[in-house]
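Each chain gets a letter, A, B and so on, in the order the sequences are listed, and its residues count up from 1.
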2 protein chains.
Amino acid sequence: MPGATVDPVGPNRHSAWVEHAIAALADAGYQRGGARLAVIELLARQGCAMTAIEIDDRLRATDQGIGRASVYRTLEQLEELKLVHRLEMGRGMASYERIEPSGEHHHHVVCEKCGRVEPFEDPGLERAIGRLQGRVGFEVSEHEVVLRGRCPRCA
Amino acid sequence: MPGATVDPVGPNRHSAWVEHAIAALADAGYQRGGARLAVIELLARQGCAMTAIEIDDRLRATDQGIGRASVYRTLEQLEELKLVHRLEMGRGMASYERIEPSGEHHHHVVCEKCGRVEPFEDPGLERAIGRLQGRVGFEVSEHEVVLRGRCPRCA
DNA sequence: CGCTGGAATGAGAACAAGTCTCATTCTCTT
DNA sequence: AAGAGAATGAGACTTGTTCTCATTCCAGCG
């Protein structure tokens with residue numbers, strides 16, 4: 001790949017996750033398909049959670065014209081394989097964001113007035129949750145923290 | 001009330017919250033009503049979150065036969081007045097639980113297999129979240145932590 | 001290559017949770 | 001006891017999601 005060493009961080013900076021997802025799907029016995037790939041590539045480009053509706057709308061608008069069923073089906077498969085995280089932060093609709101294989105992740109603050117969502121991360125919080133794992137009777141595999149309040153604009 | 005000093009802790013142990021809720025509603029200018037009271041009394045008896053559907057089903061089964069609209073309307077009002085907490089832990093449906101005026105509260109572990117929900121509390125976690133408040137740009141008024149995994153039975 | 005069997009896809013129907021409307025009933029004040 | 005306005009409930013409606021099934025696509029095989 002001559003000349004390909006320039007600008008490793010760009011619009012495709014998360015292509016590693018695309019590869020990862022494709023490999024995981026292949027391992028799980030799935031065949032390739034255009035709709036699924038489109039969902040994966042869209043999620044790869046997002047910095048934070050995106051609602052199922054947004055994903056669906058965006059992909060429907062594409063010249064490919066991806067169907068609703070394919071979008072939801074793909075999201076379900078990706079969730080099953082722990083490639084994406086399903087979140088319910090709003091009024092009864094799900095959002096999705098990719099799971100980094102590194103384990104790196106963030107949580108969310110939601111404005112209860114305008115619905116704006118922002119990510120944040122905090123090692124102290126992660127530590128507190130880590131310490132908790134043994135104490136609850138469950139075998140915990142993931143966690144989710146949502147803070148609610150007013151964003152600077154709405155406060 | 002002669003003889004009423006026996007057994008202060010019983011099925012009505014949370015009647016203080018009922019009073020609190022009634023007072024708050026009156027302060028907010030609401031009139032009394034049977035449907036609303038029934039919702040309040042049902043929530044007062046629960047130890048943990050209950051889905052809107054369950055609440056509705058239970059109250060519909062009553063000889064009072066409370067309507068769906070009243071149930072949802074009441075839940076919305078109670079949420080607005082910070083008398084109950086709305087949670088979304090499952091597949092797209094809301095649960096509600098009362099907010100103690102003392103600020104005492106718990107969080108939840110959900111079994112991703114069977115859907116069982118259990119409460120837990122942890123001061124360390126609360127401290128970590130408390131420390132966080134200033135750092136996110138929002139004016140945080142509440143928070144919610146959900147752990148997911150396998151319950152002992154499903155593990 | 002072109003076939004073929006099973007997987008992936010998309011249009012639209014079906015479903016479930018929640019919301020809205022509006023006629024009736026109830027509360028509270030006078 | 002009456003009137004004004006709030007609370008209620010039946011049922012229509014909306015919205016996000018899931019299901020169905022006929023069609024299209026992919027991948028191994030001759």
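Residue B:I53 places its side chain closer to C:dG18 than to any other of D:dA7, D:dT17, C:dG18. Minimum atom distance to the side chain of B:R32 is reached by C:dC28, of the listed C:dA7, C:dG18, C:dC28.
Across every non-hydrogen atom of A:C48 and A:V117, the tightest pair is SG-CG1, 4.5 Å. Nearest approach of B:C114 to B:C111, heavy atoms of both residues: N-SG, 3.4 Å.
By the neighbour-count criterion of 12 heavy atoms within 6.0 Å, atom CZ of B:R32 is sparsely surrounded, having that number or fewer from other residues, nucleotides or ligands.
The closest donor-acceptor contact from the side chain of A:E41 to the backbone of A:A38 lies at 3.5 Å or more, if one exists at all. Between the side chain of B:R98 and the main chain of B:G47, no donor-acceptor pair closer than 3.5 Å is present.
Checked against the 6.0 Å centroid threshold, A:H143 and A:H107 count as a close aromatic pair.
Following rounding to the nearest Å, B:D56 (CG) and C:dA16 (P) show an atom-to-atom distance of 15 Å. One atom, CG of B:L25, and another, C1' of D:dA6, lie 13 Å apart when rounded to the nearest Å. Taking atom CD1 on B:I55 and atom C1' on C:dG18, their separation rounds to 13 Å, with Å as the unit. The distance between atom CD of B:E54 and atom C1' of C:dA17, rounded to the nearest whole Å, is 14 Å. One atom, CZ of B:R91, and another, P of C:dA17, lie 13 Å apart when rounded to the nearest Å.
At a non-hydrogen distance threshold of 4.0 Å, A:G34, A:A35, A:R36 from residues 34-42 of chain A come into contact with DNA chain C. Contacts with DNA chain D (heavy atom under 4.0 Å) in residues 59-89 of chain A: A:R68, A:A69, A:Y72, listed by number.
Residue pairs satisfying the salt bridge (charged side-chain N to carboxylate O under 4.0 Å, His left out) criterion with at least one member in residues 80-92 of chain B, sequence neighbours excluded, are listed as follows: A:E79-B:R91, A:E112-B:K82, B:K82-B:E142, B:R86-B:E88.
Using a 3.5 Å distance cut-off with no hydrogens or angles, the side chains of A:E126 and A:H105 do pair a donor with an acceptor. Side-chain contact of A:E97 with A:H106: a donor-acceptor pair under 3.5 Å is present, judged by distance alone.
Between B:G33 and A:A94, the residue anchored nearer the 5' end of DNA chain D, judged by the nucleotide with its closest heavy atom, is B:G33.
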